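Below is one structure; the comments refer to it alone.
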There are 2 protein chains.
Amino acid sequence: MLKRAVAIADAGGLESLTMRSLAKELGVRPMSLYHYFATKDEILNGVVDLVFGEIELPAADGDWRTEVSRRATSARAVLRRHSWAIALMESRTTPGPATLRHHEAMLDTLRSAGLSLPMTGHAYALLDSFVYGFAIQESALPFDRDSAPEVTQAIAAQFSSGEYPRLREYAVERVMKPGYDFGDEFAYGLGVILDDIERSIPASDRSAER
Amino acid sequence: MLKRAVAIADAGGLESLTMRSLAKELGVRPMSLYHYFATKDEILNGVVDLVFGEIELPAADGDWRTEVSRRATSARAVLRRHSWAIALMESRTTPGPATLRHHEAMLDTLRSAGLSLPMTGHAYALLDSFVYGFAIQESALPFDRDSAPEVTQAIAAQFSSGEYPRLREYAVERVMKPGYDFGDEFAYGLGVILDDIERSIPASDRSAER
DNA sequence: ACCTGAACACCGTTCAAGT
DNA sequence: ACCTGAACACCGTTCAAGT
């Protein structure tokens with residue numbers, strides 16, 4: 001039921017997910033939905049939790065760097081698949097069960113790696129800020145993955161006025177060069193964060209497979 | 001005119017900003033707005049650009065670390081003031097003039113600090129991912145800045161089931177301790193990123209005030 | 001150039017009622 | 001328990017018309 005809601009938003013964006021469109025998708029009348037959910041907001045909470053549940057959980061007994069990296073990469077992929085969910089996260093304040101399970105697994109992984117409680121907070125806040133923020137930026141790219149060159153060139157032409165020399169430089173010398181992919185910045189940022197976490201681990205726990 | 005739109009969203013959230021509410025605020029009939037903007041989407045683009053314009057610009061000829069730090073801190077404050085704007089950013093793909101000026105200033109600051117073109121992209125993507133993602137997390141906190149203790153305790157009680165031991169540990173031993181403030185995590189993350197940027201600067205440019 | 005009333009095709013949701 | 005039709009107070013936007 002919530003899965004259908006996700007499918008609708010995937011296909012037509014968040015604004016296409018209405019009580020009426022969801023009801024139609026389920027072959028039922030709009031008012032029937034109110035027997036299962038008190039408000040549309042409740043449905044949105046469920047939808048966000050469902051999306052969260054798609055993210056691979058890290059294993060606390062694995063190599064922490066591998067696990068944290070895998071989970072972050074999975075989170076990015078999920079948020080790219082359901083980019084409408086990012087906007088939703090800003091307004092949801094009551095985490096669902098999948099979200100809680102997820103946080104529990106992450107905390108377990110970080111604590112098992114030997115991080116102190118304060119450092120666990122630092123690392124988790126930094127990591128998820130990066131993942132969410134990257135997803136926002138990726139979803140707001142002025143070109144989609146396919147039509148990159150044409151649009152990029154149009155933008156670069158706009159910069160030829162000389163008003164934005166640094167933007168022009170970056171567009172022409174970097175973005176328009178073959179092989180450039182904004183998505184690659186994810187690996188860089190993730191590496192920086194993982195390195196910082198690694199440095200924070202007490203020597204006694206370092207590279208301990210436990 | 002767009003300022004009034006921002007004020008409406010500040011006061012009542014994004015859903016309270018409608019063509020009708022904006023018209024009323026301006027003492028005009030709804031249809032008059034269409035003489036200045038083709039669609040509501042165009043208004044939203046303008047609103048996002050206005051919010052962007054509130055962020056302090058970094059000075060390319062200042063100390064890069066001071067400037068980048070000041071700008072990131074300002075961005076966080078702005079997005080906290082207008083947290084509804086975060087959700088909007090996800091769907092806007094055409095940057096306005098204030099946004100372009102902003103990016104130009106950031107690129108200029110990073111390049112003037114001696115960063116290579118690829119490293120400039122790495123640093124900027126990492127920095128803004130962090131800033132945006134932090135803003136999302138901060139706006140989705142289950143407690144607002146004032147009523148922290150009561151709500152936190154209610155949440156901690158929920159964890160007493162033993163189903164989420166790591167979450168319980170973190171809530172009880174960290175979040176509920178006096179002096180804890182999620183907002184403090186911003187300084188930590190920003191420090192990690194600035195340190196990474198600093199390490200990337202060629203020795204010849206290091207600490208050059210130029 | 002600037003503004004507007006009426007209307008249309010939508011929303012989420014209430015309420016009272018059906019099986 | 002599960003579903004529904006009619007209705008209400010909203011949306012964004014079109015169109016034709018006013019000054």
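Naming convention: chains lettered A, B, ... in sequence-line order (proteins, then strands); numbering from 1 in each chain. Predicted model only: the values in this text are computed from it and were never measured. What's counted below: heavy atoms across the whole structure, side chains too, no hydrogens, waters or symmetry copies.
Taking a cutoff of 4.0 Å between a charged side-chain nitrogen and a carboxylate oxygen, B:Asp49 and B:Arg92 do not qualify as a salt bridge. A salt bridge is absent between A:Glu163 and B:Arg101; no separation between the charged side-chain nitrogens and carboxylate oxygens falls under 4.0 Å.
Running 5' to 3' along DNA chain C, contacts with non-hydrogen atoms of chain A at under 4.0 Å begin and end at C:dC11 to C:dC15.
A:His102 and A:Arg71 are linked by a side-chain donor-acceptor pair at a separation below 3.5 angstrom, with hydrogens and angles left out of the test. There is a side-chain donor-acceptor pair under 3.5 Å between A:Thr18 and A:Ser21. Between the side chains of B:Tyr164 and A:Asp108, no donor-acceptor pair is found at a separation under 3.5 Å.
Base pairing annotation: D:dC15 forms a Watson-Crick or G-U wobble pair with C:dG5, both donor-acceptor distances under 3.5 Å.
Contacts of residues 8-15 of chain B with DNA chain D (heavy atom under 4.0 Å): none.
Counting heavy atoms from C-beta on, the side chains of B:Tyr170 and A:His103 never come closer than 4.5 Å.
Within the 4.0 angstrom heavy-atom criterion, base atoms lie near B:Met31. Within 4.0 Å of A:Ser32, counting heavy atoms only, lies at least one base atom of the nucleic acid. When heavy atoms are screened at a 4.0 angstrom cut-off, A:Tyr34 is found touching base atoms of the nucleic acid.
Place B:Leu33 and A:Thr18 on DNA chain C by their nearest nucleotides, and B:Leu33 ends up nearer the 5' end.
Applying the salt bridge (charged side-chain N to carboxylate O under 4.0 Å, His left out) test to pairs two or more places apart or on separate chains, those with a residue in residues 10-38 of chain B are B:Arg4-B:Glu25.
Of the candidates A:Thr109, A:Leu57, A:Leu110, A:Glu67 forms a side chain to side chain contact (heavy atoms under 4.5 Å, CB included) with just one, namely A:Thr109.
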